[in-house]
Amino acid sequence: VQLQASGGGLVQAGGSLRLSCAASGRIFDRNTMGWYRQAPGRQREPVALISSGGVTHYGDSMKGRATISRDNAKNTVSLQMNSLKPEDTAVYYCGYRMSTIQPMLKVGPDYWGQGTQVTVSS
């Protein structure tokens, strides 16, 4: 499975960004896709996940400010981020796992995208 992420960039605090990720290759019907982020000196953390059945999970960091969605027919997942803060600055990674959402929360993705930089200026 290959993951191609796009949509990062520089935005001012309070602004919005939309990240997108397209999966290709051998895609299983039951899967979970989502976004993680890693800021300098910090561990990678889940931002938002969504299963092929539509179950979602949001990490505490962006809960209430982010919305994850997916198009199963196109194998794409998007993350709409609003009210961005400087502390949201990080590299954002798309992930994919051939499972429901809980295993992905416990052990992480099987596959990672290349990462896209999000920088929020104050």
Query raised in the report: Heavy-atom distance under 4.5 Å between the side chains of Leu105 and Leu49, does that happen here?
Result: yes

Query - Aromatic plane relationship, Tyr96 with Tyr111 - under 30° parallel, 30 to 60° tilted, over 60° perpendicular - result: tilted

Requested in this report: Using the side chain to side chain contact (heavy atoms under 4.5 Å, CB included) rule, take Arg18 and Ser78 through it: C-alpha gap first, then chi angles, then the decisive distance, then the call.
Outcome: CA-CA 7 Å; Arg18 185 176 183 85; Ser78 296; 3.5 Å; yes

Query raised in the report: Which pair of non-hydrogen atoms, one from Ala13 and one from Pro86, has the smallest distance, and what is that distance?
Result: CB-CD, 4.1 Å

Query raised in the report: Nearest heavy-atom pair of Leu3 and Cys21: which atoms, and what distance?
Result: CB-SG, 3.9 Å

Report task. Report yes if the side chains of Trp35 and Val77 come closer than 4.5 Å at any heavy-atom pair, otherwise no. Result -> yes

Query raised in the report: Between Met104, His57, Gln102, which is the residue that forms a side-chain contact (heavy atoms from CB on, under 4.5 Å) with Thr32?
Result: Met104

Query raised in the report: Going by heavy atoms in the side chains, are Leu10 and Gln117 under 4.5 Å from each other?
Result: no

**Report entry** Among Gln38, Arg37, Gln114, side-chain contact (heavy atoms from CB on, under 4.5 Å) partner for Tyr93
**Finding:** Gln38

Query raised in the report: Any donor-acceptor pair under 3.5 Å linking the side chain of Ser51 with the backbone of Thr100?
Result: no

Query raised in the report: What pair of heavy atoms forms the shortest contact from Gly8 to Leu19, and how long is it?
Result: N-CD2, 3.6 Å

Query - Qualifying residues under side chain to side chain contact (heavy atoms under 4.5 Å, CB included), relative to Asn75, sequence neighbours excluded - result: Ala23, Ile27

Query raised in the report: Atom CD in Gln4, atom OG1 in Thr76: separation rounded to 0.5 Å?
Result: 13.0 Å

Report summary line: Value for CZ (Arg65) from CG (Asn82), rounded to nearest 0.5 Å, stands at 9.0 Å

Query raised in the report: Should Asn31 and Arg70 count as side-chain neighbours, where that means a heavy-atom distance under 4.5 Å?
Result: yes

Query - Interatomic distance, Cys94 atom SG to Gln2 atom CD [nearest 0.5 angstrom] - result: 12.0 Å

Query - Steps toward salt bridge (Lys or Arg N to Asp or Glu O under 4.0 Å) verdict (Lys85, Asp88) - result: CA-CA 5 Å; Lys85 306 174 182 179; Asp88 295 320; over 6 Å; no

Requested in this report: Kindly indicate whether the side chain of Asp60, heavy atoms from C-beta on, has any atom under 4.5 Å from the side chain of Glu45.
Outcome: no

Query raised in the report: Between CD1 of Ile50 and CD1 of Ile101, what distance do you get to the nearest 0.5 Å?
Result: 8.0 Å

Report summary line: Rounded to the nearest 0.5 angstrom, the CE-OH distance for Met62 and Tyr92 is 5.0 Å

Report task. Apply the test side chain to side chain contact (heavy atoms under 4.5 Å, CB included) to residues Met33 and Ile68: give CA-CA distance (whole Å), side-chain angles for both, the deciding distance (0.1 Å), then the verdict. Result -> CA-CA 10 Å; Met33 296 181 69; Ile68 192 168; over 6 Å; no

Requested in this report: In sequence, state the C-alpha distance, the side-chain angles, and the governing distance for Asp110 and Val1, and then conclude on side chain to side chain contact (heavy atoms under 4.5 Å, CB included).
Outcome: CA-CA 9 Å; Asp110 293 318; Val1 175; over 6 Å; no

**Report entry** Distance, nearest 0.5 Å, that separates CG of Leu79 from OG1 of Thr116
**Finding:** 11.5 Å

